[in-house]
Amino acid sequence: MTDALAINRVHAEAQESWIPMVAIAFGQMIMSFNVASLPVALSGMVHSFNVPPTTVATGIVAYSMLVAGFVFLGAKLVQRFGALHVFRIAVAVFGLAQVLMTFSPSAMFMITAQALCGAAAAVIVPSLVALIAENYRGRQQATAVGTLGSARAAAGVAAFLIGGILGTYIGWRPVFGLLIVVSVIVLLLSLRLKPDK
């Protein structure tokens, strides 16, 4: 009897679609890809903006400081307004920041874009865990949390490969232009996420 209940429980857990997890994983990947692409694109941005490397590196600092400084505020926003609603707004802000990043006419615009990315990431980070908890249970939930960690590592590797190739043969701007496209994909896939209870 107990074995039959356990089998039924595992079977019920397996019924959840992994499509919502794709949205969640891509939400993690856009943040990781962005921050890992910055050092790769640094020399190209120095050349484009005709500024010292330390000025471009300020964009990395701005991103990191805003993520670290506002992640607790992000968690409060998730708690108050719901993970799904906050996630969608943060991804939209992140996508708009990537538009600014891709078409930055000067280093100041680039730094502003990275600050916006950092603010959006500070909200996305806590929403990812809440979305996993909302959409998955049991073994699927454990797998989803592991996948989230793997997505971060995969995005870092992809940023070095894609950023290196595009930066060498085309330029640094298309690297961040890709993130505009992926942000739109994340927003569309978020339609498959369960609404907050």
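What's counted below: heavy atoms across the whole structure, side chains too, no hydrogens, waters or symmetry copies. In this chain, residues are counted from 1 in sequence order.
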Evaluate the side-chain contact (heavy atoms from CB on, under 4.5 Å) criterion for residues Q114 and M101: first the C-alpha distance (whole Å), next the side-chain angles of each, then the deciding distance (0.1 Å), finally the verdict. CA-CA 7 Å; Q114 284 304 312; M101 181 74 187; 3.3 Å; yes
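With a 6.0 Å radius and a threshold of 12 heavy atoms from other residues, nucleotides or ligands, Y136 has its OH atom above the threshold.
Residues P52 and V46 have side chains not in contact (no heavy-atom distance under 4.5 Å, counting atoms from C-beta outward). Residues V175 and V40 have side chains not in contact (no heavy-atom distance under 4.5 Å, counting atoms from C-beta outward). When side chains are defined from C-beta on, F87 counts as touching L193, because their heavy atoms get closer than 4.5 Å. Within the 4.5 Å cutoff, the side chain of S17 has heavy atoms near those of the R192 side chain.
Relative orientation of the F49 and W172 rings is perpendicular, given thresholds of 30° and 60° on the angle between their planes.
When all heavy atoms are compared, the tightest approach of V67 to A121 is CG2-CB, 3.7 Å. S183 and F94 get closest at one heavy-atom pair: OG-CD2, 3.7 Å. Taking each heavy atom of N34 and C117 in turn, the nearest pair found is ND2-CB, 4.1 Å.
There is no side-chain donor-acceptor pair under 3.5 Å between R173 and T102.
Separation of atoms CG (L66) and CG (L73) is listed at 11.0 Å; rounding is to 0.5 Å. Atom CE in M21 sits 11.0 Å away from atom CZ in F26 (nearest 0.5 Å). One distance of note links CG of L188 with CG of L191; it measures 6.5 Å at 0.5 Å rounding.
If you chain together hydrophobic residues whose side chains sit under 4.5 Å apart, I124 and L116 never meet in one group.
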